[in-house]
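Take a look at the structure set out below.
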Amino acid sequence: MSGRPHLQAEAALPASLTQALSAVSMPVLAHAGHSLLFANEAMLRLLGVSAEMLGLMSHEAWATEEDRERLKTYGERCLREDGDLPALELRARAAHGTERQLEITARCLKLDDGRRIAVLSCQDLSDMQHVQHSLLQVGRVLHQIIENGPVATFVIDAEHRITHWNAACARLSGKSSGEMLGRTEAWRGFYPQARPLLADLIVDGEVEAHRRLFPSNSLRESKIGPGSYEAEEQVELNGQLRWIFASATPLLDIEGRMIGAVETLLDMSERRNAEEALRRHQTELEAIVQERSRALHDTHQELDALLHNAEVGIVASSHAQLVTFNRNFAQMFELGDAPVGQLTARDFFPDDAAYLELSQAVARALRRGESLHYETTLVTRTGRRRWVQMTAYSASPEAPMEKVWWLMQDRSEYMRAQQELVENFQALKRINARLEEAQNQLLQSEKMASIGQLAAGVAHEINNPIAFVSSNLASLRRYAEPLLALLQASGATPLEDLPPALRERLQAMGSADDRAFLLEDLPQLLNESQDGLDRVTKIVHDLKDFSRVDNADWQDADLNQGLESTLNVVMNEVKYKAEIVRHYGTLPRVRCLAGQLNQVFMNLIVNAAHAIDGRGRITLSTRAQDGWVCIEVADTGRGMSAEVQRRIFEPFYTTKPVGQGTGLGLSLSFSIIKKHGGRFEVDSTPGEGSCFRVWVPVQGPTAA
């Protein structure tokens with residue numbers, strides 16, 4: 001027995017027993033309740049360990065953790081009881097990490113020296129279970145293909161019993177699967193009287209003998225495969241005459257014996273009703289029928305053939321290496337004649353990060369026993385990008401990462417169309433926002449124009465009474481001056497020297513002090529009244545100059561005058577909040593819409609006043625530089641943060657309380673300056689104040 005592995009305790013067993021156990025082909029081991037006494041070569045190969053290693057293990061240590069206690073109890077029971085014990089199924093863990101499903105049978109042997117040992121024989125069930133699972137999967141896939149196919153399909157066995165009657169067949173015939181399955185009269189779905197169908201004739205081998213059942217030249221051999229036939233005839237279904245194209249093919253077992261037949265039926269009535277249109281597509285329809293019938297036949301023979309003809313990309317990978325893929329996958333990724341063994345999963349990803357992300361996602365899903373639905377960007381062999389929708393599932397639940405199947409669908413065109421829709425939607429939103437902004441600015445502009453027109457009208461109406469009051473006041477001054485001179489002259493003459501009548505009149509007018517007060521106060525009253533009229537005239541003039549209703553076209557204007565007129569108009573808003581400091585430079589006349597620029601000045605001055613808490617200072621400065629005019633409005637108010645500065649020109653953005661600001665002042669001002677070809681500059685520090693600089697080209701927007 002040289003070369004055979006030995007355990008440390010093997011010497012304790014009789015030589016005849018160890019020789020007999022070594023000759024057994026199936027895995028065998030023996031123990032006395034603690035350490036292992038013996039394991040034959042088949043057992044050592046199964047566990048992937050040496051005899052020395054196994055000798056150091058307890059008799060139950062080679063089982064998986066969850067089955068270890070069961071194995072221990074089973075071995076101890078064997079040592080206590082005589083006779084055969086019932087078989088035990090458990091999982092063994094080999095040294096290289098794989099697990100095997102085993103069936104254990106134990107028997108207690110009594111040695112001559114009175115010792116009892118447990119002999120365990122093992123049968124590996126893993127391969128058998130894998131085969132059973134694969135057959136079950138094939139059967140499920142075949143059933144789904146037949147049941148969910150769009151073509152009416154039924155299957156009969158060798159005794160003409162109906163084993164499959166799919167949903168499309170039920171819709172076509174009006175007979176449900178519950179009515180037809182298990183029966184031998186498939187003709188009931190299509191004919192009022194008994195007669196064999198193509199599938200029946202193929203099972204009986206009597207197709208040629210019953211040609212008379214079909215229209216002339218209708219029955220013919222099909223290109224699907226040997227023994228397949230197809231025919232076309234008119235059948236009354238659900239009260240309507242329909243042309244049905246039937247195609248049937250035999251089902252053979254592995255030894256070539258007839259075990260049944262499958263028949264597909266297509267409603268060809270539209271072709272008969274439109275013969276000319278159908279003629280153009282006849283070749284395509286025949287190809288579709290042949291392809292679907294061939295797919296059913298080939299699936300019964302080999303599932304792999306169906307996968308390679310699927311309309312989605314199908315690929316199998318094992319440890320990141322591609323092991324097989326179908327034609328659609330090769331076309332999708334432009335693989336050409338690339339051999340399978342040279343392709344890895346990483347070859348189809350644009351970078352390592354994308355590959356790692358998918359690898360981790362699929363590992364998590366498959367280890368939970370779930371399939372993975374995922375969308376990502378992959379690249380073809382020529383470098384083209386594809387947006388792919390994929391589904392991944394494991395070929396074996398016991399080893400989820402050993403082999404993974406992938407179903408892939410190219411969604412690039414869909415994503416491109418979706419992206420275009422999103423971009424169009426965003427463009428529409430931007431256009432709507434601009435339209436809304438323009439509408440509100442136009443509304444604000446119209447409101448300001450209405451206010452300006454109203455101000456100009458009021459100014460015009462005020463001018464009329466001011467004119468005649470001013471004229472009357474001038475006349476009054478001319479009339480009063482001679483009288484005052486006369487009164488003054490009379491006051492210089494002693495009363496005793498005056499005629500008695502005049503003396504009495506002067507005495508009636510009051511004392512000399514009253515006349516002196518009258519001579520002093522009356523000129524002052526006239527001067528103050530004239531000064532008040534001049535101030536009202538200037539306010540009216542500034543109001544008209546601010547509104548510019550009398551000239552709304554482009555003109556050459558003095559911006560210093562416009563700034564001063566605007567200040568006078570809003571003085572009531574400003575004089576209680578701030579001291580006004582003027583630094584006006586010498587400016588050339590500017591080509592502009594003066595009324596609109598006055599509106600900008602008004603917004604800046606009013607905003608500066610509103611930014612001041614308590615009382616502060618507003619500085620107005622102007623200067624000319626290199627063909628541009630700069631108007632600067634600075635305040636000592638609260639100032640603005642960087643975030644606020646970024647948004648001040650946005651429509652409807654305001655830092656004022658709700659109901660106290662529209663958020664359109666600076667937005668409208670920005671649009672006006674942009675129309676003039678100018679620009680805004682803003683400097684602001686929180687707590688210190690803000691400075692707005694408006695630059696306008698002297699020659700108008702064409703010079704900007």
Side-chain angles (χ1 to χ4, degrees), residues 141-157 160-204 207 210 213-215 218-225 228-251 260-275 277-279 281-300 306 311:
V141 171
L142 177 60
H143 175 74
Q144 292 176 6
I145 291 173
I146 294 176
E147 180 60 28
N148 300 326
V151 179
T153 305
F154 69 90
V155 181
I156 62 174
D157 60 15
H160 299 272
R161 283 190 299 270
I162 300 172
T163 60
H164 293 82
W165 188 272
N166 72 353
C169 194
R171 289 193 297 271
L172 179 65
S173 64
K175 300 289 186 180
S176 68
S177 59
E179 296 177 81
M180 301 303 293
L181 290 179
R183 304 186 66 170
T184 58
E185 302 92 355
W187 59 267
R188 292 184 179 276
F190 309 100
Y191 301 105
Q193 297 178 348
R195 56 154 287 180
L197 303 182
L198 264 181
D200 296 312
L201 297 177
I202 288 177
V203 169
D204 294 336
V207 177
H210 290 80
L213 294 175
F214 301 94
S218 170
L219 181 63
R220 55 187 177 273
E221 292 187 11
S222 174
K223 298 179 181 179
I224 297 175
S228 300
Y229 286 87
E230 58 189 32
E232 187 173 344
E233 61 178 319
Q234 197 171 30
V235 180
E236 183 176 352
L237 296 175
N238 299 321
Q240 294 182 343
L241 287 175
R242 314 296 294 177
W243 281 96
I244 302 299
F245 179 83
S247 176
T249 187
L251 297 177
V262 57
E263 183 170 342
T264 61
L265 304 105
L266 285 176
D267 188 347
M268 307 298 289
S269 303
E270 294 300 326
R271 188 199 69 180
R272 289 286 182 167
N273 296 335
E275 188 69 27
L278 186 59
R279 188 175 295 109
H281 300 288
Q282 183 174 359
T283 303
E284 180 182 354
L285 287 173
E286 290 176 353
I288 292 175
V289 173
Q290 292 174 3
E291 180 181 353
R292 292 193 179 277
S293 300
R294 186 181 299 110
L296 290 173
H297 177 74
D298 293 344
T299 301
H300 182 74
L306 172 66
E311 295 180 357

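- Expressed to the nearest 0.5 Å, how far NE2 of His164 lies from OG1 of Thr153 amounts to 10.5 Å.
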Step by step, would you call Trp165 with Phe190 a ring-ring contact (aromatic ring centres under 6.0 Å, His included)? CA-CA 13 Å; Trp165 188 272; Phe190 309 100; 5.8 Å; yes
Pair Leu219-Leu198, side chain to side chain contact (heavy atoms under 4.5 Å, CB included): steps then yes or no: CA-CA 9 Å; Leu219 181 63; Leu198 264 181; 3.6 Å; yes
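- Between Leu265 and Phe245, every side-chain heavy-atom pair lies at or beyond the 4.5 Å cut-off.
- Minimum heavy-atom separation, Leu197 to Tyr191: CD2-CE1, 3.1 Å.
- No side-chain heavy atom of Asp157 sits less than 4.5 Å from a side-chain heavy atom of Leu251.
- The shortest non-hydrogen separation linking Ala199 to Ala248 is N-CB, 4.0 Å.
- Side chain of Asp204 to backbone of Leu201: no donor-acceptor contact under 3.5 angstrom is found.
- In this structure, Glu179 contributes its side chain and Ser176 its backbone to a donor-acceptor pair below 3.5 Å.
- For the atom pair CG (Asp267) and CD1 (Ile244), the distance works out to 4.5 Å, reported to the nearest 0.5 Å.
- Side chains of His160 and Val203 form a contact here, defined as non-hydrogen atoms less than 4.5 Å apart.
- Between Ser228 and Thr249, the side chains place a donor N or O and an acceptor N or O closer than 3.5 Å (distance only, hydrogens not considered).
- The minimum heavy-atom distance between Lys175 and Arg188, with the atom names listed, is CE-O, 3.5 Å.
- From Arg171, atom CZ reaches atom CG of Asn166 across 7.5 Å, with rounding to the nearest 0.5 Å.
- Contact detail for Ala168 and Pro150: the closest heavy-atom pair is CB-O, 3.6 Å.
- Using a cutoff of 4.0 Å between basic side-chain nitrogens and carboxylate oxygens, Glu233 and Arg195 are scored as salt-bridged.
- Annotation: side chain of Val207 is in contact with side chain of Ile202 (closest heavy-atom distance under 4.5 Å).
- Nearest heavy-atom pair, Ala246 versus Glu263, reported as atom, atom and distance to 0.1 Å: CB-OE2, 3.4 Å.
- One finds the CD atom of Gln234 at 10.0 Å from the CZ atom of Arg242 (value rounded to the nearest 0.5 Å).
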When you look at Trp243 and Glu232, which way does the side chain to side chain contact (heavy atoms under 4.5 Å, CB included) test go after all the steps? CA-CA 7 Å; Trp243 281 96; Glu232 187 173 344; 4.1 Å; yes
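- Distance OG/Ser218 to CD/Glu230: 9.0 Å, rounded to 0.5 Å.
- For the atom pair Ile162 CD1 and Arg183 CZ, the distance stands at 8.0 Å (nearest 0.5 Å).
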For Phe154 and Thr163, run side chain to side chain contact (heavy atoms under 4.5 Å, CB included): C-alpha distance rounded to whole Å, both residues' side-chain angles, the deciding distance at 0.1 Å, then the answer. CA-CA 7 Å; Phe154 69 90; Thr163 60; over 6 Å; no
